[in-house]
Each structure stands twice: as C-alpha cells, then as structure tokens.
There are 2 protein chains.
Amino acid sequence: MNLSFTEENYIKAIYHLSDAGNKAVNTNTIADEMNTAAASVSDMIRKLSDKDMIVYKKYHGVNISDQGKSVALQVIRKHRLWEVFLVEKLNFHWDEVHDVAEQLEHIRSPLLIKRLDDFLEHPKIDPHGDPIPDENGNISIGPQYPLLDMKIGTNGVITAVENSTSKFLKHLDNKGIRLGIKFVIKDHDEFDDSMQLELETGESIFLSKQVSENLLVRQI
Amino acid sequence: MNLSFTEENYIKAIYHLSDAGNKAVNTNTIADEMNTAAASVSDMIRKLSDKDMIVYKKYHGVNISDQGKSVALQVIRKHRLWEVFLVEKLNFHWDEVHDVAEQLEHIRSPLLIKRLDDFLEHPKIDPHGDPIPDENGNISIGPQYPLLDMKIGTNGVITAVENSTSKFLKHLDNKGIRLGIKFVIKDHDEFDDSMQLELETGESIFLSKQVSENLLVRQI
DNA sequence: AAATATTTTTAGATTTGTCTAAAATAATTT
DNA sequence: AAATTATTTTAGACAAATCTAAAAATATTT
Ligand SMILES: [Mn+2]
Ligand SMILES: [Mn+2]
Ligand SMILES: [Mn+2]
Ligand SMILES: [Mn+2]
C-alpha cells in the first residue's frame, strides 16, 4: 500500500487520538489535531476507509484497523528513532527534535531504518521517554502514570513527557527536571492541584497542575 | 522562498543539465531527465520563471538564475552529505545510497545540515567522488577528466564516477575499481575505444568505452 | 417531543502537478 | 523558398488535498 505523507500523518493522529486503537475518534477531534477543516477530514476519512486503514460508519467516528495500527506504529518507530539520532549523534537538544523528526518519519527505506536502529544500538525510548516500537510494532515498556495522580509520600522516577513542545521542555529545563530524575512527593494542594516534590538532589521544587499532568512517572 | 520537493528536483535537474549554469537547457531535455511529458515541463518552467529560479524565453530554452543556482547547490549539498552519512556511518554500499539521498535531500532544517556536516567532519566529496558544496555553495575540488580522454602512458588516480546507477557501480566492484585507485594506461584501442590499465596492485584490467567515459580521473 | 445546538457530511471551488491531443513555432531538408 | 519534420506551447482534463458554505444527521435542552 503506497500512502502519501498526508495519509501517514492522519493515520498517526488517529492512532494517538484513539489511545492506540482503544476508542473511536470524532471528525472534529481529528480536524483539531491536524489543523484542518472538518470537511477535509471527512474527505480523508473516506479515503483511509477505502484503503482499509480505518473502519468508518458515517456520523459515528472512526476506529483504526489492524492494518492502520501497524502503519501508525512504523511511522512512530521512525519518528522516535530519528529523534534519538538527533539528540545522541547530532547534539540536538530535546526541544529541537520534533519538527525535524516530523519530516524524517516519512522517508521510505526499510534498510535505512534497520541500519539506523543498529547504529543507535536498538534504543527502547526516545528523548522524551516515549517507547520505540520494534520492527513488528511491539512496545516493551512498562506502564507509566501522570505525576498528578501520585499520592503524597510516593517515591518515583520521571520517565516521560506527555507534551513535547519546545515551550514545555524549556520550562522543565528551567526547573531542573529531566528524565530519570528521582523524587518523593511532599505536598499536593487541593485547591489548584499544585505539587511540591523533593528531588534526589535534595532540592525542593514546586509544580503547577499544567506541569504535573504532562509528566509521566513510575513508582519505585 | 518556499519550494516544493518537485520544484527543487526540477531546479537541480536544470542545474546539472546546464553544466552548472553554463548553457541553456531545452524543454525536451528536462522532460527526458525528469521522466515527464514536455507539456508538464512547460508548465513548471513558467512557474520557476515566475519565482525567478530560471530565465526563460519562450521557445528558446531556460537558463538557471543565480538564485536557482544557489538553491540547486544547497539541495546537492544535502544529497551528498546524506550519502556520506549513509556510507560512513550506516554501512551502506555506494550503490545503495542514491535513492534514499534523493528523499533526504528535501528535508528542511538548516540546523540539521550544519550538525550533520559537523558530525561527518566536513567531508569534501561524496561516496562517488562528487564534490560537496559548502554552506555558501562553493566547491573546492580541482578539475577531473574522463578516463577515456587520457593518453597511453599516463599515470592517474580514479577520483569519481559520472554514473551512480547500481548496475554501473556493481560492475566496477566486479572489476575491482574503486575511488582512489592508481593506474597507468597501457593501451587504448582505436576501433572500439577500449582501454587496458595496469593498477597499482600490478593487476591488469580491460575497460570498455562505456566504463572509461564514466570514470573521472586526475593525472599524477 | 419539540426546539435548539452541535457535529458531520456534501456541494462546489481552488491549487499543484500531472497527462494527452492539438496548435504554434522553429529547424531542417528538399 | 517551400515543404517537411521536430520542438514547444496551449487547451482542456484529472487526481490529491485543501477550503467555505450549505445541508443533513445527531445530541442536548427545554
Ligand atoms: Mn516527536
Ligand atoms: Mn509527519
Ligand atoms: Mn546521488
Ligand atoms: Mn530529489
């Protein structure tokens, strides 16, 4: 199946918005994510349905098919491998890689991806902590939870960011937050959901809800 | 100026076909190179002329402009840098890189190219011996000549291939010919322009005209 | 259950890059 | 210099991806 860049981008968006295929996605939700008019999404939905990438019932949203899921996972694999390359080999900062990876993810060459994966020594996560699917689309990373949901007293490690925008990542840099950092939760304010953490360095930091809901952690 | 992949490909083709801007190029010549109908080339020529990439006089071919030349050189720079990356870092063979580079050359990110160039330690030639223009489009490689034009008795070194097709490169592999190899010309047959070379290894090889006209050399 | 609001689809355009067939121009041959 | 041939351009069409505006379907409120 030969898919255009645009089709690949829609499939990837639908995959993400459907929670990896666990729920149906609305036209407007896709339009929002893709920054297009709802009418354009309707057109594309018909096309992707004809190509069996999604299952579509008029007026009732779309579900991604197994084939669509596999396409999405391959694009995501490429995107994340390239991000690792940019950070590890070309000294990009984690807030500079996304837009370039958005282009590189559409390069078509199975050999290139195989060799890139070898060169990078088969990384399992990208610079934002997101898992990299293997050649078969399998993901081998344990579950992660939003920091916001952790109780006071919990010990944990920051494993991923839910938001890869430059603005958010720069904010984390300013706060001294990076992947792998260990913490214990000291306080969680009922009023505004702000949290106070003590880092492994002994430093104490204050996080707003906008931050803690976009940080994924594992308990330790 | 925001150019599409297609426009970039046309500009690059016109640059090459015009001998780096030294002569006008015909519609049919471009059509042939791009594998499109002459009518499509006429359409694109108007567009590129509107964008000041070429200078165009109806029915009299096109000349590449300074702006067009600079665009072409940047695309060529990217193409060749990626080819170096594929061979040097990802262990591609020199006959496997062209099609992938044809895709990678259109990735838009000045930072990426700068960092890639740093990572590769500022290579001056690509895996086929072709010079890599610098950020300003300057090429710093001495002149090279077709092996076919060298006289009997000449000592030389093979510096580049004029033809990067997999078929040709595999043929060179079979003959044991690579860039950098030194030789002396032992014979040049008048009838079919076949040549006999003695390599630095002592080995003697026979080359048809189809091969010698596609090998560039420097005298030593 | 109506009325109203929201969501989704369709209708009809537009832009980009392509095509074939026909017309126009230029080049070559007689 | 005419006639013929070759090259190039124009005319008209099509597929892909997008848009706005209007119509249709669904969901929510009264
Ligand atoms: Mn990303
Ligand atoms: Mn993309
Ligand atoms: Mn090449
Ligand atoms: Mn190209």
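Proteins come first, then strands; the chains are lettered A, B, ... in the order of their sequence lines, and each starts at number 1. Treat the numbers as computed from the prediction; the structure is a model and nothing was measured.
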[N] phosphate, OP1 or OP2: any side-chain N/O from [X] under 4.0 angstrom?
X: B:K58; N: D:dT10; value: yes
X: A:R46; N: C:dT9; value: no
X: A:Y10; N: D:dA16; value: no
X: A:N26; N: C:dT7; value: no
X: B:S4; N: C:dT16; value: no
X: B:S40; N: C:dC19; value: yes
X: A:N28; N: C:dT6; value: no

Over how many whole Å does the gap from [X] atom [atom1] to [N] atom [atom2] extend?
X: A:K57; N: D:dT26; atom1: NZ; atom2: P; result: 9 Å
X: A:K51; N: D:dA16; atom1: NZ; atom2: P; result: 7 Å
X: A:Y59; N: D:dT28; atom1: OH; atom2: P; result: 16 Å
X: B:D32; N: D:dT8; atom1: CG; atom2: C1'; result: 15 Å
X: B:L48; N: C:dT16; atom1: CG; atom2: C1'; result: 13 Å
X: A:I30; N: D:dT18; atom1: CD1; atom2: P; result: 13 Å

* Applying salt bridge (charged side-chain N to carboxylate O under 4.0 Å, His left out) between A:K12 and each of A:E102, A:E7, A:E33, report the one that passes. => A:E102
* Identify which nucleotide among D:dA21, D:dT18, C:dT20 has an atom closest to any side-chain atom of A:M44, counting heavy atoms from C-beta outward. =>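 Per side-chain heavy atoms of A:M44, the pick is D:dT18.
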* Check every atom of D:dT9, C:dT18, C:dT20 against the side chain of B:T27 and return the nucleotide holding the closest atom. => D:dT9
* Under 6.0 Å from the CZ atom of A:R178, do we count more than 12 heavy atoms belonging to anything else shown? -> no
* **Heavy atoms of other groups near A:K51 NZ, more than 12 under 6.0 Å** => yes
Describe the nucleic acid contact of [X] in one word from base, sugar-phosphate, nothing, applying a heavy-atom distance below 4.0 Å.
X: A:S42; result: base
X: A:D43; result: base
X: B:Y56; result: sugar-phosphate

* **Comparing A:H60 and A:E7 on DNA chain D - which has the more 5′ nearest nucleotide** =>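 Mapping each residue to its closest nucleotide by heavy atoms, the 5'-most match is A:E7.
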* To do: Measure the shortest side-chain to side-chain distance between B:K89 and B:F119 over non-hydrogen atoms and say whether it is less than 4.5 angstrom.
  =>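 In contact.
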* Between A:H98 and A:H79, is the ring centre distance below 6.0 Å? ->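 Under 6.0 Å, so yes.
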